[in-house]
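Throughout, a chain's letter reflects where its sequence line sits, starting with A, and its residues are numbered from 1. Just so it is clear, the structure is predicted and the values come from calculations on it, not from any experiment.
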4 protein chains.
Amino acid sequence: MDTPLEDPAYEVGTSKAAARIRAAATEVFAAKGYGAASTREIAARLDLSPGAVYPHYKTKESLLFAIALEGHRAVLDTITRAADSATSPRDQLTAAVSAYVKWHAHHHAIARVVQYELRALSDEHFKTIAEIRRATSRVFERILEFGDASGEFHTLDSAAATLAITSLGIDVSRWFPSNAYSDPDLLAERFVELALRMVGNI
Amino acid sequence: MDTPLEDPAYEVGTSKAAARIRAAATEVFAAKGYGAASTREIAARLDLSPGAVYPHYKTKESLLFAIALEGHRAVLDTITRAADSATSPRDQLTAAVSAYVKWHAHHHAIARVVQYELRALSDEHFKTIAEIRRATSRVFERILEFGDASGEFHTLDSAAATLAITSLGIDVSRWFPSNAYSDPDLLAERFVELALRMVGNI
Amino acid sequence: MDTPLEDPAYEVGTSKAAARIRAAATEVFAAKGYGAASTREIAARLDLSPGAVYPHYKTKESLLFAIALEGHRAVLDTITRAADSATSPRDQLTAAVSAYVKWHAHHHAIARVVQYELRALSDEHFKTIAEIRRATSRVFERILEFGDASGEFHTLDSAAATLAITSLGIDVSRWFPSNAYSDPDLLAERFVELALRMVGNI
Amino acid sequence: MDTPLEDPAYEVGTSKAAARIRAAATEVFAAKGYGAASTREIAARLDLSPGAVYPHYKTKESLLFAIALEGHRAVLDTITRAADSATSPRDQLTAAVSAYVKWHAHHHAIARVVQYELRALSDEHFKTIAEIRRATSRVFERILEFGDASGEFHTLDSAAATLAITSLGIDVSRWFPSNAYSDPDLLAERFVELALRMVGNI
DNA sequence: GATGAATGAGACTTCATTCAT
DNA sequence: AATGAATGAAGTCTCATTCAT
């Protein structure tokens with residue numbers, strides 16, 4: 001059962017120093033993009049020398065992977081718990097969308113790395129991440145199927161609706177916060193309403 | 001009337017060579033991100049020497065700006081024409097969303113640069129682009145207001161719906177094409193349905 | 001009292017490697033001029049890679065500044081000590097001119113950088129250097145004023161004589177060594193005689 | 001009799017355009033040094049394209065040579081005429097030093113190139129220039145010898161005095177104008193006095 | 001004579017990474 | 001674990017010069 005998805009220590013780095021490096025790297029990657037970020041700047045944020053990253057992460061890419069892995073696990077965990085906390089399709093969709101949107105708003109730096117910096121991963125690392133992404137998608141898919149089966153939802157195209165709902169959440173990390181929306185809770189409320197309409201509920 | 005939004009030659013570069021450089025740069029920026037892309041690679045794609053970019057664009061950033069300007073103008077122009085081609089709110093929304101989604105699918109390389117690489121722009125260039133982005137948003141906003149006023153739409157929150165509709169389009173450039181969707185027309189059809197539901201039409 | 005003039009470590013670089021880089025840069029700057037010299041060549045003289053200069057000096061200009069600062073301090077220190085070693089105006093002028101001329105002859109590479117490459121300095125760095133240059137000039141001025149007051153000298157125009165005396169020394173760094181003069185001591189002796197005549201002594 | 005020293009058109013360039021290019025280049029070379037100056041900047045000063053220099057001067061170095069040649073000839077001509085205009089050693093020295101100093105003050109841009117940028121010349125070009133420099137030195141030497149022979153001067157070391165007198169003039173081009181001296185005539189007067197003292201006249 | 005795109009070389013500088021300390 | 005000098009590669013950009021127009 002020690003698969004990458006389940007062992008939380010797998011390749012992420014457990015020491016306190018590693019966590020600080022991850023946090024600093026997340027901010028820099030989110031602000032400039034992985035390609036434009038330098039390991040020197042990450043080290044400098046922590047008042048460390050340029051070489052100090054390397055005892056913790058062998059390469060810049062492995063640091064990105066650790067962040068991506070941790071982030072993707074957090075999203076999946078968050079929406080899985082949310083969906084499991086409710087019983088009706090409507091309540092499940094409400095909980096899952098709300099959690100998804102809030103997570104992208106609250107953790108918009110991590111979220112940006114999670115959603116937009118994956119192209120720099122090695123093939124193998126990308127595959128590991130892609131697996132988690134598919135699992136995340138499946139959570140929404142199943143709720144829609146459940147709702148359509150129960151007659152509560154009237155989705156026109158299940159795949160399209162899933163795609164659209166996840167797009168709303170993902171895109172939050174691109175722009176959040178804005179002048180119009182800087183409260184994650186309010187934003188989540190609005191996007192839940194739109195998601196319910198997309199699936200034909202009410 | 002020679003504002004950046006209206007004079008099509010403004011800072012974009014009109015020569016054939018400049019256009020080829022823009023096209024090559026678009027592909028590289030889209031594939032790797034601006035920060036990880038090199039002017040050398042752009043030149044190499046056209047079998048040019050590394051310095052050959054510079055008679056046409058003084059800096060890498062100005063090349064990004066030219067692409068972003070051209071792209072943003074194209075989007076705005078496309079959806080403006082689409083909206084103007086119809087009269088009823090529903091037809092206008094259908095036309096505009098369809099055009100928006102299709103543009104992001106067809107031109108997903110340009111679109112990716114347009115939507116995700118703006119942080120590298122200089123402050124002044126960013127302002128010019130931001131103006132066009134606001135104009136683009138306003139096209140959707142006005143259609144929703146028109147529909148709400150006419151009673152055809154029953155939008156719960158106009159700003160949220162505009163945001164959501166544009167998010168759908170923008171996010172297309174992140175993932176398109178996928179296994180599930182590689183036909184821009186089909187995708188546009190599905191997303192139009194979802195947009196209409198979001199505004200409470202049918 | 002930690003002014004740039006007095007703290008010898010200020011911005012010069014204290015490590016052995018930095019000193020070697022300064023020495024190599026001095027030779028190259030003196031031979032080709034700052035503008036025509038390359039950091040690559042400086043590194044190559046020490047069998048280092050091109051980037052190896054940069055842990056020690058952040059820019060080529062800061063390397064020039066370090067050399068200029070060290071050199072200007074050395075001149076000022078040298079003539080100040082020389083002047084202080086004597087009591088009569090004639091002996092002071094003799095000692096100061098001799099020291100000044102010998103310094104420019106012995107250290108003609110540093111001297112050339114010190115005297116001819118300052119235009120490449122940043123404004124702030126230039127100001128720091130200009131302060132030291134004024135202090136150097138003042139040493140000669142004061143000796144002349146002292147001699148005029150004591151009746152030993154009969155200078156016609158104090159400012160002009162100071163200018164001329166420093167010009168003799170500075171210009172040494174342009175041509176030294178030549179066929180006619182390659183012995184710093186002999187040259188200094190001759191220039192001292194001329195300086196004494198310029199101030200009307202004997 | 002068509003030696004480089006005497007044929008004024010030799011390698012200098014006679015057209016009006018060539019003269020404008022020489023003038024622009026002189027300013028740029030004087031301001032930044034030959035090594036840091038670019039042919040592009042020279043062309044830009046005249047609102048010409050980068051390639052426009054090349055119909056007139058085949059290389060940047062040949063442009064430097066033309067300026068150096070013209071300048072060196074002008075100095076030699078100026079002091080030769082000055083010396084020839086007087087009969088007594090004292091009057092000859094006065095006239096020659098005055099002319100030399102004034103020339104370096106009035107033409108300080110050309111003078112700077114003439115005095116400090118010769119290292120960039122090709123060997124052959126340098127030899128041509130060095131010949132003129134020696135001729136210039138000889139003008140002063142002969143005046144001193146004449147004065148010593150006539151008993152009007154009491155030079156201690158003829159070579160040293162010549163060197164010192166030319167140093168004064170050359171160094172003017174380094175600093176002129178300054179706050180203290182911006183009037184060539186006044187400066188010349190002062191330096192003539194000092195030169196006369198150096199040779200023991202009065 | 002002049003333009004301006006292009007080249008080939010090379011400029012300064014940064015970067016991910018290593019390694020002795 | 002951390003430092004900081006160093007490397008080898010590469011990055012953006014400039015430059016002298018050429019050449020078709």
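Atoms CD and CG, on B:E41 and B:L46 in that order, are 11.0 Å from each other to the nearest 0.5 Å.
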Apply side-chain contact (heavy atoms from CB on, under 4.5 Å) to the pair D:F65 and D:T59, showing each step before the final yes or no. CA-CA 10 Å; D:F65 177 58; D:T59 64; over 6 Å; no
What verdict does the side-chain contact (heavy atoms from CB on, under 4.5 Å) test give for C:L64 and C:R22, after you've listed the backbone C-alpha separation in whole Å, the side-chain angles of each residue and the deciding distance to 0.1 Å? CA-CA 8 Å; C:L64 171 62; C:R22 243 159 31 234; over 6 Å; no
Would D:L118 and D:H72 count as a side-chain contact (heavy atoms from CB on, under 4.5 Å) here? Give the steps. CA-CA 11 Å; D:L118 306 181; D:H72 275 89; 3.9 Å; yes
Dump the intermediate steps for side-chain contact (heavy atoms from CB on, under 4.5 Å) on C:L63 and C:I42, then the final yes or no. CA-CA 11 Å; C:L63 177 50; C:I42 294 163; 4.2 Å; yes
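Nearest nucleotide to the side chain of D:L48, out of E:dT7, E:dG1, E:dT3: E:dT3.
Between B:R73 and B:V12 the shortest side-chain heavy-atom distance falls below 4.5 Å. Residues A:V113 and A:Y34 form no side-chain contact, since every pair of their non-hydrogen atoms from C-beta on lies 4.5 Å or further apart. Residues D:R174 and D:Y116 are in side-chain contact: their nearest non-hydrogen atoms beyond the backbone lie under 4.5 Å apart.
B:H56 has no side-chain polar atom (N or O) that falls below the 4.0 Å cut-off from OP1 or OP2 of E:dG4.
What separates CG of A:L64 from P of E:dA16 is a distance of 13 Å, to the nearest Å. Atom NZ of B:K60 and atom P of E:dT13 are 19 Å apart (whole Å). Here E:dG4 presents its P atom at 11 Å from CG of D:D47, a figure rounded to the nearest Å. Atom NZ in D:K32 sits roughly 14 Å away from atom C1' in E:dA11 (whole-Å rounding). Between C:R40 atom CZ and E:dC12 atom P there is a gap of 8 Å when expressed in whole angstrom units. Separating the OH atom of C:Y57 from the P atom of E:dC12 is a distance of 16 Å, rounded to the nearest angstrom. One can place CD of A:E41 at 12 Å from C1' of E:dT14, the figure rounded to the nearest angstrom. Across the protein-nucleic acid pair, C:L63 atom CG and E:dA11 atom C1' stand 15 Å apart, rounded to whole Å.
In terms of modelled atom types and a separation under 3.5 Å, the side chain of A:K60 and the main chain of A:A37 share a donor-acceptor contact. Of the possible polar contacts, one joining the B:R112 side chain to the B:S173 backbone as a donor-acceptor pair under 3.5 Å is found.
Residue C:T39 is in base contact, counting any heavy-atom pair closer than 4.0 Å across all strands shown. Residue-level contact check: C:A37 touches the backbone only, with heavy atoms under 4.0 Å from sugar-phosphate atoms and none from bases. Using a 4.0 Å heavy-atom cutoff across all strands shown, A:S38 reaches sugar-phosphate atoms only and no base atom. Residue contacts shown for C:T59 are limited to sugar-phosphate atoms, with no base heavy atom under 4.0 Å away.
With the 3.5 Å cutoff on both pairing distances, Watson-Crick and G-U pairs in DNA chain E assemble into runs of at least 3 at E:2-21 with F:2-21.
A 4.0 Å heavy-atom criterion places the boundary nucleotides of DNA chain F facing chain C at F:dA5 to F:dT7, written 5' to 3'.
Positionally, the nearest nucleotide of DNA chain E for D:P55 lies more toward the 5' end than for the other of D:P55 and C:G51. Nearest-nucleotide positions on DNA chain F place C:S15 closer to the 5' end than the other of C:S15 and D:K58.
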